[in-house]
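In what follows, a structure is listed as structure tokens, so that the remarks can point back to it.
These numbers come from a predicted model, not from an experiment. Along the sequence shown, the residues carry numbers beginning at 1. Counting convention: from 1, in listed order, for ligands and their atoms alike.
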Amino acid sequence: MSDALLDVTISAREEQGSGVAVFELTSVSGEALPQYAAGAHIDVHVNQELIRQYSLCTRPNDEGKYRIGILNDPNSRGGSREIHADFEVGKQLSISSPRNHFPLETVATRTILAGGGIGITPLIAMAYELQARNQDFELHYCARTRGAGAFVEELQASFPENVIFHYDDEEKSQLFSPAVALGPCDEGTHIYVCGPSGFMDWVIAGAKELGYPSAQVHFEYFSAEVDSSGASFEVHCVKSDVTLVVEEQQSIVKALAAAGVKVDVSCEEGVCGTCITDVLEGEPDHRDHFLTDEEKADNDQMALCCSRAKSARLVIDI
Ligand code: FES
């Protein structure tokens, strides 16, 4: 996919569940928007300074358009609040082409999709794709209450045999349990998890306890707490020829900005991958939710917005 931005118009907006706005995006030129595979997201340029990522959840019959669902998150750092307040039908926006860090495996014989709250959005696209491929899948949708969940009627109508709803305030038997939902590990089962970070940590830990190898457990965090504790360390930037100290409670990105070295960032929480940079020397202290365990073990790249250093000095390729 090219890095060129796409100009789109909001062609529909619908409020669903508790505080979710569902937007349909149509190309300003009238051409069909680029195709994408389930699990992809787009960057939405909320304003000149703010870029946020949202998963695409377009239905098969929305051909040429995109659909995103955005929760008005009270803990938002501004993105979702501004979108809910200002994004009305007819507004034009810039978005990126779709990027996919959360693709479906083609080898699975059985797929379990586990979504918490607004984390259901990429899983909706996956459910449509699995249905089109005629592959076996279960879609578990966890929400606080029946009224809080978005897309409920659509999921019920589209996947009556596959969707299982779990509402926190209803009968205990309905509550989501990783052990029950995922079942014993077999090599054909792949698990996809998206939702609030606590939910995801719980499901991923449950899958590990059941013996699922990390290659069969796929996830995409859309927000995360950043732990910026830890001692100061030195960073040398090879291309910019700048050496600086990253202080306690300071991110590498902020320290670089203070020294005049600009790094592209988006989420600033270690979930989107925008700031991933090659590491040439030293040992990162990985704190992101983007790199895989294997990539972290290689120690040759890191997320500059949230990760720190285990070694006294890092040399990075920027
Ligand atoms: S800006 Fe998103 S991972 Fe660093």
Could you tell me whether Tyr141 and His166 have their ring centroids closer than 6.0 angstrom?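 Ring centroids of Tyr141 and His166 are no less than 6.0 Å from each other.
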When the aromatic ring centroids of Tyr54 and Phe23 are compared, is their separation below 6.0 Å?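 Centroid distance Tyr54-Phe23: not below 6.0 Å, so no.
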Atoms of ligand 1 less than 4.0 Å from [X] heavy atoms?
X      : value
Ser266 : 1 (S)
Gly273 : 2 (Fe), 3 (S)
Gly270 : 3 (S)
Cys272 : 1 (S), 2 (Fe), 3 (S)

Between Tyr167 (side chain) and Gly147 (backbone), is there a donor-acceptor pair under 3.5 Å?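 Not a single qualifying donor-acceptor pair exists.
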Under 2.8 Å from atom 2 (Fe) of ligand 1 - does any N, O or S atom of Cys306 fall there?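 It does not: Cys306 brings no N, O or S atom closer than 2.8 Å to atom 2 (Fe) of ligand 1.
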Taking both backbone and side chain into account, is any N, O or S atom of Cys305 nearer than 2.8 Å to atom 4 (Fe) of ligand 1? yes
Do you see an N/O/S atom of Cys275, backbone or side chain, under 2.8 Å from atom 4 (Fe) of ligand 1?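 Yes.
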Say whether Val271 and ligand 1 are in contact under the criterion: heavy-atom distance to a ligand atom below 4.0 Å.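 A heavy atom of Val271 does come that close to ligand 1.
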Just checking, any donor-acceptor pair under 3.5 angstrom between side chains of Asn100 and His41?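 There is no such pair (donor and acceptor under 3.5 Å, judged by atom type) between the side chains of Asn100 and His41.
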Are the side chains of Ile316 and Val235 in touch, meaning some heavy atoms are under 4.5 Å apart? yes
Show your reasoning for whether side-chain contact (heavy atoms from CB on, under 4.5 Å) applies to Leu25 and Ile42. CA-CA 11 Å; Leu25 307 177; Ile42 51 170; 4.0 Å; yes
May I ask you to identify, for Glu269, whether its side chain, its backbone, both or neither come under 4.0 Å of ligand 1 on a heavy-atom basis?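 Glu269 to ligand 1: no contact under 4.0 Å from either part.
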Restricting to non-hydrogen atoms, name the atom on Gly116 and the atom on Pro196 that form the minimum distance, rounded to 0.1 Å.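 So the minimum-distance heavy-atom pair works out to O-CD, 3.3 Å.
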